[in-house]
Amino acid sequence: MHELSIAEAIVRIAAAHAGDRRVSKVEVKVGHLRQVVPSALEFAFELVAQGTPVEGATLEMQAVPAAGLCRDCGADTALDAFPLTCARCGGLDLEVTRGEELLVEALELEEALTTTGGTRDDG
Ligand SMILES: [Zn+2]
């Protein structure tokens, strides 16, 4: 389950940027060729985020379609499925130009909460 290592990377990046604030949302871009199962990544993300400032954050995934350059006919082609083939000539000799991304695109942080250490009694 390679989603776990991807989730670890996402949480590590998010936590590093969050400082002492809590993260409420993480937006990531995941290339199609990473073959990430969204539900598996969400599950792994929740697991890894526990005990970090990222705990409880929403994970928003944006899939990046794959594309490549055909070395046979020079076409810039979309790569939808495996095996990766050129849509124009059916060639298999492709240079992948898109679809291997794994980026933390944006973070949404909650306002820093001031904790005084004292307990309030609203009774
Ligand atoms: Zn081609």
Side-chain angles (χ1 to χ4, degrees):
M1 163 154 155
H2 77 141
E3 278 83 0
L4 193 62
S5 56
I6 294 177
E8 276 168 358
I10 294 170
V11 169
R12 196 169 54 234
I13 294 166
H17 283 83
D20 54 2
R21 295 204 280 170
R22 294 197 70 84
V23 179
S24 54
K25 193 165 95 175
V26 183
E27 289 178 34
V28 293
K29 273 190 171 176
V30 181
H32 180 65
L33 300 179
R34 292 258 172 183
Q35 291 188 286
V36 167
V37 179
S39 59
L41 182 58
E42 263 171 51
F43 178 77
F45 177 77
E46 272 177 36
L47 204 75
V48 175
Q50 275 172 28
T52 76
V54 193
E55 184 173 348
T58 312
L59 181 66
E60 203 172 278
M61 249 181 297
Q62 200 188 336
V64 180
L69 212 57
C70 179
R71 290 195 183 97
D72 287 335
C73 74
D76 191 352
T77 182
L79 306 171
D80 295 328
F82 292 91
L84 305 174
T85 53
C86 172
R88 188 193 283 173
C89 74
L92 289 162
D93 194 4
L94 295 156
E95 185 191 333
V96 174
T97 54
R98 245 158 51 111
E100 287 177 326
E101 293 84 351
L102 177 64
L103 302 167
V104 175
E105 182 82 346
L107 291 178
E108 227 172 75
L109 302 175
E110 285 174 12
E111 293 301 314
L113 297 172
T114 357
T115 46
T116 57
T119 45
R120 240 173 72 197
D121 187 358
D122 286 323

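Although no hydrogens or angles enter the test, the distance criterion places a donor-acceptor pair under 3.5 Å between the side chain of Thr97 and the main chain of Ala67. In this structure a side-chain-to-backbone donor-acceptor pair under 3.5 Å is present from Ser24 to Glu108. Between the side chain of His32 and the backbone N or O of Ala63 there is no donor-acceptor pair closer than 3.5 Å.
Considering all non-hydrogen atoms of both residues, Phe45 and Ala57 come closest at CE2-O, 3.5 Å. Closest non-hydrogen pair, Ala14 versus Val23, comes out as O-CG2, 4.2 Å. Across all their heavy atoms, Val30 and Val36 have their closest contact at CG1-CG2, 3.6 Å. Shown here for Gly91 and Asp72, the closest heavy-atom pair between the two residues is CA-OD2, 3.8 Å. Considering all non-hydrogen atoms of both residues, Thr85 and Leu79 come closest at O-CD2, 3.8 Å.
Rounded to the nearest 0.5 Å, atoms CG (Leu59) and CZ (Phe43) are 14.0 Å apart. Distance check: His17 NE2 to Leu109 CG gives 10.0 Å after rounding to the nearest 0.5 Å. Note that CG of Leu47 is 9.0 Å distant from CD of Glu8, once rounded to the nearest 0.5 Å.
Two residues are said to be in side-chain contact when any heavy atoms from C-beta on lie closer than 4.5 Å; Cys86 and Leu94 meet this criterion. Counting heavy atoms from C-beta outward, Glu110 and Arg21 have side chains that stay 4.5 Å or more apart. No side-chain heavy atom of Cys70 sits less than 4.5 Å from a side-chain heavy atom of Arg88. Between Glu55 and Arg22, some side-chain heavy-atom pair lies under the 4.5 Å cut-off. The side-chain heavy atoms of Leu33 and Val96, taken from C-beta on, include a pair separated by under 4.5 Å. Under the 4.5 Å side-chain criterion, counting only non-hydrogen atoms from C-beta, Pro38 is in contact with Met61.
The salt bridge (Lys or Arg N to Asp or Glu O under 4.0 Å) with Lys29 is formed by just one residue from the set Glu100, Glu60, Glu101, Glu105; it is Glu105.
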Worked check of side chain to side chain contact (heavy atoms under 4.5 Å, CB included) between Thr58 and Val26: CA-CA 6 Å; Thr58 312; Val26 183; over 6 Å; no

Residues Leu41, Ile6; criterion side chain to side chain contact (heavy atoms under 4.5 Å, CB included); working and verdict: CA-CA 8 Å; Leu41 182 58; Ile6 294 177; 3.9 Å; yes

Side chain to side chain contact (heavy atoms under 4.5 Å, CB included) between Arg34 and Leu102, intermediate numbers included: CA-CA 8 Å; Arg34 292 258 172 183; Leu102 177 64; 3.8 Å; yes

Derivation and outcome, side chain to side chain contact (heavy atoms under 4.5 Å, CB included), residues Glu3 and Val37: CA-CA 7 Å; Glu3 278 83 0; Val37 179; 3.5 Å; yes

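Glu46 CD: 12 or fewer foreign heavy atoms inside a 6.0 Å radius.
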